[in-house]
**Student:** 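Dropping the structure in here first, questions after.
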Amino acid sequence: MALRTLDSLGSLQGKRVIVRCDLNVPLRDGEITDDGRVRASLPTLRALIGAGARVIVCSHLGRPDGAPDPQYSLEPVAKRLAELLESPVAFATDTVGASAQEAVSALQDGDVVVLENLRFNAGETAKDDATRRAFATELAALGDAMVSDGFGVVHRKQASVYDLAELLPSAAGLLIATELDVLDRLTENPQRPYTVVLGGSKVSDKLGVISHLLPRVDRLLIGGGMLFTFLAAQGHAVASSLLEKDQLETVRGYIADAEKRGVELVLPTDVVVASGFAADAAHEIVAADAIEESSFGASGIGLDIGPDTAVAFADAVRGSRTVFWNGPMGVFEFAAFAAGTKAVAEALTEVDGLSVVGGGDSAAAVRQLGFDDDQFGHISTGGGASLEFLEGKKLPGLEVLGWQS
Ligand code: ADP
Ligand code: MG
């Protein structure tokens with residue numbers, strides 16, 4: 001424990017505080033399609049503004065190649081932040097250059113500036129320690145203290161996440177503190193029954209979580225693309241559905257382990273099979289052990305859990321006191337294949353206890369399907385970070401803030 005919190009930084013009145021946020025929002029044609037991460041950054045920013053700090057916000061956005069790329073500019077995010085804070089937010093057109101230096105020196109107490117995308121600088125993600133440290137040193141020169149609040153990046157040893165926190169007096173922001181509190185409740189003494197629902201595209205992304213959580217849960221529900229590797233491991237044909245052949249042995253091991261531990265492993269009994277991977281593909285409902293018998297034969301692709309499965313999953317979720325859900329149940333981006341995801345999300349909102357949604361696409365899915373954030377106990381802003389935490393891994397961006405797992 002012993003995460004350094006904001007009060008460990010003392011009085012911040014008039015101090016230049018660099019806040020590492022995760023404002024990596026999805027954009028379409030320059031418009032933010034989900035501002036959840038911007039909203040999640042507000043409590044810390046408001047606290048710093050209230051404390052009279054001169055607030056310097058930095059973040060990455062997308063994957064530019066270590067050089068400026070206008071499609072990944074943080075300018076739309078700075079605009080959105082100003083709307084949400086209901087006060088002006090300055091924007092620097094570079095990260096550590098002349099524009100950033102000028103904008104920072106113009107700050108008054110309680111003012112906010114957003115710096116341009118950290119990843120426009122190759123040093124941010126450099127594997128080479130010296131290169132990374134050199135960029136972090138330029139960044140550090142802009143501030144007197146550093147607050148780390150980008151939970152989505154704490155599993156990365158990057159300049160603004162790790163090195164900067166070593167170079168300046170640093171502490172965790174309120175978002176990180178909240179995320180850790182919730183994730184801790186999922187691993188230490190969860191209220192029972194404890195159900196974990198996993199979906200998404202690839203089982204290989206979630207192996208660590210499955211093995212870390214199996215000994216802790218009462219029920220494990222499997223949907224999404226990974227369900228087909230589970231069905232195949234049980235000997236069923238899955239036609240052209242997503243299948244990771246190289247994971248079949250591992251998955252068989254999980255099935256055996258669940259049985260040995262008395263964990264209820266719930267696999268779909270029916271699935272929605274489509275003629276192809278498209279929004280308007282023809283589709284039908286088939287039994288999970290008869291996927292190749294759909295009218296699409298061997299070319300059928302399973303794109304969602306079926307309605308019977310959705311009901312069974314929803315019942316299991318509703319009857320639990322602790323639920324962690326990661327990964328959509330189907331290709332929710334296509335309306336025709338969003339029903340399973342919607343049913344699980346709906347059930348999560350009815351949990352009498354702690355319900356947590358983790359994963360970038362899962363969070364986007366619940367918002368896209370019309371749910372409000374406050375209908376859930378917690379929506380984690382960190383996909384990879386929350387999974388790595390739940391895998392029991394050491395996260396460099398947390399260790400550097402005093403956290404010991
Ligand atoms: P998260 O970001 O929440 O951790 P993932 O990245 O693992 O989730 O997976 C999200 C993706 O999984 C979604 O884009 C969704 O379309 C896809 N997916 C879900 N079910 C299937 C399926 N049956 N076949 C292919 N892709 C699927
Ligand atoms: Mg994802």
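We number each residue from 1, following the sequence as shown. The structure presented is a predicted model; accordingly, all values stated were derived computationally and were not measured. Counting convention: from 1, in listed order, for ligands and their atoms alike. Just so you know, these numbers use all the heavy atoms, side chains as well, and skip hydrogens, waters and symmetry mates.
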**Student:** Should the pair Phe334 and Phe277 be assigned to parallel (<30°), tilted (30 to 60°) or perpendicular (>60°) ring geometry?
**Tutor:** perpendicular

**Student:** Which residue owns the protein heavy atom closest to atom 19 (C) of ligand 1, what's the atom, and how far is it?
**Tutor:** Gly330 O, 3.2 Å

**Student:** Counting only N and O atoms by type, is there a donor-acceptor contact under 3.5 Å from the side chain of Glu124 to the main-chain atoms of Ser160?
**Tutor:** yes

**Student:** Please determine if Glu350 and Arg318 form a salt bridge, counting it only when a charged side-chain N lies under 4.0 Å from a carboxylate O.
**Tutor:** yes

**Student:** Just checking: Asp361, one of its N/O/S atoms, less than 2.8 Å away from the Mg ion (ligand 2), yes or no?
**Tutor:** yes

**Student:** With a cut-off of 4.0 Å, which atoms of ligand 1 are near a heavy atom of Gly302?
**Tutor:** 22 (C), 23 (N), 24 (N)

**Student:** So, 4.0 Å and heavy atoms of Gly383: is ligand 1 close enough to count as a contact?
**Tutor:** no

**Student:** For Asp361 and ligand 1, does the shortest N/O to N/O distance drop below 3.5 Å?
**Tutor:** yes

**Student:** So, for His155 and Phe389, is the gap between ring centers shorter than 6.0 Å?
**Tutor:** no

**Student:** Decide whether the shortest distance between a heavy atom of Phe228 and an atom of ligand 1 is less than 4.0 Å.
**Tutor:** yes

**Student:** With heavy atoms of Gly359 as the reference, note each atom of ligand 1 found under 4.0 Å away.
**Tutor:** 1 (P), 2 (O), 3 (O), 4 (O)

**Student:** With heavy atoms of Lys206 as the reference, note each atom of ligand 1 found under 4.0 Å away.
**Tutor:** 4 (O), 5 (P), 7 (O), 8 (O)

**Student:** Starting from atom 15 (C) of ligand 1, find the nearest protein heavy-atom neighbour and note its residue, name and distance.
**Tutor:** Glu333 OE1, 3.6 Å

**Student:** In terms of side-chain geometry, is the basic nitrogen of Arg133 or Glu166 positioned less than 4.0 Å from the acidic oxygen of its partner?
**Tutor:** yes

**Student:** Going by atom types alone, do Glu292 and His236 pair a side-chain donor with an acceptor below 3.5 Å?
**Tutor:** no

**Student:** Is Asp257 salt-bridged to Arg261, cutoff N-O under 4.0 Å?
**Tutor:** yes

**Student:** Can you tell me if Lys202 has a non-hydrogen atom under 4.0 Å from ligand 1?
**Tutor:** no

**Student:** Checking contacts here: is it the side chain or the backbone of Asn326 that comes within 4.0 Å of ligand 1, counting heavy atoms only? Could be both or neither.
**Tutor:** side chain

**Student:** Can you confirm, on distance only, whether ligand 1 has an N/O atom lying under 3.5 Å from any N/O atom belonging to Phe277?
**Tutor:** no

**Student:** Please could you name the atoms of ligand 1 that Ser362 approaches to less than 4.0 Å, counting only its heavy atoms?
**Tutor:** 1 (P), 3 (O)

